[in-house]
2 protein chains.
Amino acid sequence: MTATNGRPQAGGDAANGRPGNGSDAVHTDTVSTVVRQWQAVHPELDTGPMEVIGRINRCAALLQQAEDAPLRRAGLSRPEFDLLGALRRTGHELTPGELVRETFSSGAAVTKRLKQLTERGLVERRGDARDRRVAHVRLTDAGRDLVDGILPEQLAYETTVLSALAPEGQGELAALLGDLLSRLEGRTGVLRA
Amino acid sequence: MTATNGRPQAGGDAANGRPGNGSDAVHTDTVSTVVRQWQAVHPELDTGPMEVIGRINRCAALLQQAEDAPLRRAGLSRPEFDLLGALRRTGHELTPGELVRETFSSGAAVTKRLKQLTERGLVERRGDARDRRVAHVRLTDAGRDLVDGILPEQLAYETTVLSALAPEGQGELAALLGDLLSRLEGRTGVLRA
DNA sequence: AACATGTGTTTTACCAGTAAAAGACCTACC
DNA sequence: GGTAGGTCTTTTACTGGTAAAACACATGTT
């Protein structure tokens, strides 16, 4: 459980942090294989970060596929659901600009999605009286019902997916990711550099 | 699944065995805000999975932006780098089909990328003598040099990005994600369902 | 040998996302 | 009150992805 930071020499276990797991139950996840390959080719490099970032990326990819299953049944993509969800969880109307911020997507993407969701009757828009540039978007009843119907399925699905981890493991993971995320989000400078 | 299931709210540190790091600094990451909003609207739902999956997704999104910085300087997208990296780290030629499996992308995407990378002189292809359906792709010297030049930058960048976490935290995170990932990858049925 | 079936790769048609510019509108200052 | 500059949103042009079909070839069977 020593250095992830300082040269994980031989064996990918360096970043593994757990006490006695050297031999049994070898992690056969693809990332550890990839890391081993890199270390064989470039033994001088510290591949520690890969073990974290590679896994985050890969988990995200796999989980999104998994999560998408309940959504697709409802004919929604994940970004569409995110948009509807933002409206639902805030509980009030949002402007397109606010939706951009809530869903972390570009303005153009939000415009397109709103168009489609409006056509499907899931959201409505009205203009602002004072400032005619801005629009206000709200869920229709159908939109709200759809979100409320999907969300429990979604969470149940996620629960089973995460059941690979013990509850304490899930807590740890959430906490660690929270640490990382709050720093990442706080220091946007790091990201834009 | 009761409302507040085993969710590690303030007691998270108890369950998660982290020694010194019990800094009760409130996590101000966006995910915790989102989760709070959902709980206000649907107090009966167990939002535990969101704290993990939401954060994985968000971290992935932010980290990819971060990682992309060094790549973009070299005029490569991440999927392109993944392809070149697969060739580099395996150390031998790969067929398009193998590249599909290594990089987790579709065949069509690999074909397109190979075309571009070939035009840029970073990879070469040759046919197979025995089976004329298959091609063999290898890095050119320029391609190899490019990868070798970028990789250290990339890792350095990732190291600074992860410096938000203490080394032990990084190890724990890698281990937990490895657990999750190896189960996710093993049980493909869960994902394709 | 001829054919059905399977595999490796590419092509086609299409869809969603982005960046940059445009458009519409506000505001504040001269 | 007109105009410069800023903000909110949409449009445009394009890129890159996917799914499904097409293509080219191999293989096993009769």
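Every heavy atom of this structure was used, including side-chain atoms; hydrogens, water molecules and symmetry mates were not. So you know, we letter chains A, B, ... as the sequences are listed, proteins then strands, and number each from 1. As the structure is a prediction and not an experimental result, all values here were calculated from the model.
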Query raised in the report: Across the strands shown, which category fits R78(B) at heavy-atom distances under 4.0 angstrom: base, sugar-phosphate, nothing?
Result: nothing
Query raised in the report: OP1 or OP2 of dT9(D) sitting under 4.0 Å from any side-chain N/O of T111(A)?
Result: no
Query raised in the report: Would R130(B) and D128(B) pass as an ion pair if we require N to O under 4.0 Å?
Result: no
Query raised in the report: Hey, is the side chain of R130(A) poking within less than 4.0 Å of OP1 or OP2 on dT7(D), counting only N and O atoms?
Result: no
Query raised in the report: Are R113(B) and dG17(D) close enough that a side-chain N or O sits under 4.0 Å from OP1 or OP2?
Result: yes
Query raised in the report: Between dA16(C) and Q116(A), is there an OP1 or OP2 to side-chain N/O distance shorter than 4.0 Å?
Result: yes
Requested in this report: Starting from P on dT11(D), measure out to CG on L114(A) and report it in whole angstrom.
Outcome: 12 Å
Query raised in the report: For T95(A) and dT9(D), is the shortest distance between a side-chain N/O and OP1 or OP2 below 4.0 Å?
Result: yes
Query raised in the report: Okay, side chain of R88(A), backbone of L84(A): is any donor-acceptor separation there less than 3.5 Å?
Result: no
Query raised in the report: Base, sugar-phosphate, or nothing for E80(B), non-hydrogen atoms under 4.0 angstrom?
Result: nothing
Query raised in the report: Can you tell me how far CG of L114(A) sits from CG of L99(A), rounded to the nearest 0.5 angstrom?
Result: 6.0 Å
Query - Any donor-acceptor N/O pair under 3.5 Å between dT7(C) base and R133(B) side chain - result: yes
Report summary line: Rounded to whole Å, the CG-C1' distance (D128(A) to dC25(C)) equals 11 Å
Requested in this report: Look at all strands and tell whether G107(B) reaches a base, only sugar-phosphate, or nothing, counting heavy atoms closer than 4.0 Å.
Outcome: base
Query raised in the report: Is the backbone of V137(B) close enough, under 3.5 Å, to the side chain of E124(B) for a donor and an acceptor to pair up by distance?
Result: no
